[in-house]
Amino acid sequence: MTVPGGTPSLRILWLNQEPEIQVRRLDTLLACFNLASSREELQAVESPFQALCCLLIYLFVQVDTLCLEDLHAFIAQALCLQGKSTSQLVNLQPDYINSRAVQLGSLLVRGLTTLVLVNSACGFPWKMSDFMPWNVFDGKLFHQKYLQSEKGYAVEVLLEQNRSRLTKFHNLKAVVCKACMKENRRITGRVHWGSHHAGRWGRQGSGSHRTGSGYSRSGQGQPWRDQGPGSRQYEHDQWRRY
C-alpha cells in the first residue's frame with residue numbers, strides 16, 4: 001500500500017491516541033481500497049454515506065459490467081431509506097424478482113462486511129454505525145429502485161419526487177464518477193455499455209472484472225474474485241457473477 005509517511009504498525013493504529021494518528025488511520029483505510037486520490041471528496045460526503053461511496057467507487061473501478069443504472073439504484077435506495085419506516089419497508093413488494101439485482105445486493109452487503117473489518121483493523125477512522133447495512137441498504141427497496149432504473153425511469157421518480165434528495169443524489173453521484181475517472185473508469189449507461197463491450201465475452205471469460213481487462217493494478221480486487229476454478233463456465237450468462 002502507498003500510505004503517506006509509510007504503512008503504520010498496528011500498535012500505532014490501535015493504541016496511539018495522538019490526534020494526528022486519526023489522519024493516518026483514514027489514510028491507511030483509503031490505501032486499502034486504492035482511494036487515496038479521492039480523500040478530499042470522500043471527506044466532504046456526509047455521514048452515513050462516506051462508507052457507501054468508498055465501496056461504490058471500489059466496486060465500479062473493479063467491475064466494469066456495472067453501469068450507470070446500477071449506480072442510480074444504489075444511491076437512490078440509500079437516500080430513500082432514510083425516510084422509510086419499518087412498516088413501509090416490510091410492505092414493499094417488488095413487481096418481480098430479478099436475479100442480477102439479488103446478486104448486486106449481495107455484493108454490496110459483502111462489501112460492507114469487508115469495510116467493517118478494514119475499518120476495525122485501521123483503528124476505526126470512521127464510525128462503525130456508518131457501515132451497518134440498515135443505515136445505507138435495504139434489499140427490497142434496492143430491488144424496487146433497480147427495476148425502475150432498468151426500465152429507464154427518471155432520477156426524480158427513483159427519488160420519489162423529493163427535491164432535497166435530488167441535490168444529495170447528484171453530489172454523491174459526482175463523487176463516485178469523479179473518483180472512477182481518476183482510475184480511467186467511465187461509468188456509462190447500459191445502451192452504451194452493450195456497444196462498448198461487444199464481443200468481449202467471446203475473447204475472455206473473466207473480462208467482467210477489471211483485473212482481467214488490463215485497467216487494474218496488479219493484485220487489486222482479489223477479495224472479489226471467484227474462489228472457484230475460473231469463470232469461463234459462466235460465459236453463457238454474463239450477469240451471473242454480478
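When a residue number appears, it is its place in the shown sequence, counting from 1. Everything numeric in this text was worked out from a predicted model, so none of it was measured.
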Passes side-chain contact (heavy atoms from CB on, under 4.5 Å), Lys145 versus Glu160? Steps please.
-> CA-CA 10 Å; Lys145 302 304 177 185; Glu160 302 169 3; 3.0 Å; yes

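- The nearest pair of heavy atoms linking Ile187 to Cys67 is CG2-C, 3.8 Å.
- No continuous path of ILVMFWY side-chain contacts below 4.5 Å connects Leu13 to Val3, so the two sit in separate hydrophobic clusters.
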Verify side-chain contact (heavy atoms from CB on, under 4.5 Å) between Lys151 and Val157, making sure each step is shown before the conclusion.
-> CA-CA 11 Å; Lys151 292 175 183 176; Val157 177; over 6 Å; no

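- Counting heavy atoms from C-beta on, the side chains of Phe49 and Val175 never come closer than 4.5 Å.
- Between Pro8 and Ile21 the shortest side-chain heavy-atom distance does not fall below 4.5 Å.
- If you chain together hydrophobic residues whose side chains sit under 4.5 Å apart, Val109 and Leu71 fall into the same group.
- Side chains of Lys173 and His72: a donor-acceptor N/O pair is present below 3.5 angstrom, by distance only.
- Side chains of Leu56 and Ile75 form a contact here, defined as non-hydrogen atoms less than 4.5 Å apart.
- Between the side chain of Gln77 and the main chain of Asp138, a donor-acceptor pair closer than 3.5 Å is present.
- Between the side chains of Gln103 and Arg100, not a single donor N or O lies within less than 3.5 Å of an accepting N or O.
- At least one donor-acceptor pair closer than 3.5 Å links the side chain of Asn119 to the backbone N or O of Trp126.
- For the residue pair Lys182 and Ser37, the shortest heavy atom distance occurs at NZ-O, 2.6 Å.
- Here the CG-OG1 distance, from Leu30 to Thr2, works out to 12.5 Å after rounding to the nearest 0.5 Å.
- Nearest heavy-atom pair, Arg25 versus Ile12, reported as atom, atom and distance to 0.1 Å: NH2-O, 3.9 Å.
- Rounding to the nearest 0.5 angstrom, the gap separating the NZ atom in Lys127 from the CE atom in Met132 is 12.0 Å.
- Taking CZ from Phe142 and CG from Leu81, the interatomic distance works out to 13.0 Å, rounded to the nearest 0.5 Å.
- Under a hydrophobic-cluster definition in which Ile, Leu, Val, Met, Phe, Trp and Tyr are linked whenever side-chain heavy atoms come within less than 4.5 Å, directly or via other members, Leu66 and Met181 are assigned to different clusters.
- A pairwise comparison of heavy atoms in Asn135 and Ser129 identifies ND2-O, 2.7 Å as the closest pair.
- Cluster membership for Leu166 and Leu141, using ILVMFWY side-chain heavy atoms within less than 4.5 angstrom, is not shared.
- Annotation: the span from Tyr146 atom OH to His143 atom NE2 amounts to 8.5 Å, rounded to 0.5 Å.
- Cys122 and Thr28 make their closest contact through SG-CG2, 3.8 Å (heavy atoms, listed as atom of the first residue, atom of the second, distance).
- Cluster annotation: Phe74 and Trp134 are assigned to the same hydrophobic cluster (Ile/Leu/Val/Met/Phe/Trp/Tyr, side-chain heavy-atom contacts under 4.5 Å, transitive).
- Scanning all heavy atoms of the two residues, the minimum distance from Arg185 to Phe60 falls at NE-O, 2.5 Å.
- In this structure, the side chains of Leu79 and Leu172 come closer than 4.5 Å at one or more pairs of heavy atoms.
- Counting only heavy atoms from C-beta outward, the side chains of Val116 and Thr113 never approach each other to under 4.5 Å.
- Gln43 meets the side chain to side chain donor-acceptor pair (under 3.5 Å) test with Arg39; sequence neighbours excluded.
- Here Ile57 contributes atom CD1 and Ser38 contributes atom OG; the two are 5.0 Å apart, rounded to the nearest 0.5 Å.
- Counting heavy atoms from C-beta on, the side chains of Lys140 and Leu89 never come closer than 4.5 Å.
- Val102 shares a hydrophobic cluster with Ile97; the chain of contacts runs through ILVMFWY side chains whose heavy atoms sit under 4.5 Å apart.
- Inter-residue side-chain proximity for Gln82 and Arg165 is flagged as unmet; no heavy-atom pair is nearer than 4.5 Å.
- The environment of Gln161 atom CD is dense: over 12 non-hydrogen atoms of other residues, nucleotides or ligands sit within 6.0 angstrom.
- With rounding to the nearest 0.5 angstrom, the CD atom of Gln50 is 8.5 Å from the CZ atom of Phe131.
- Looking only at side-chain heavy atoms (C-beta outward), Leu108 and Leu52 come within less than 4.5 Å of each other.
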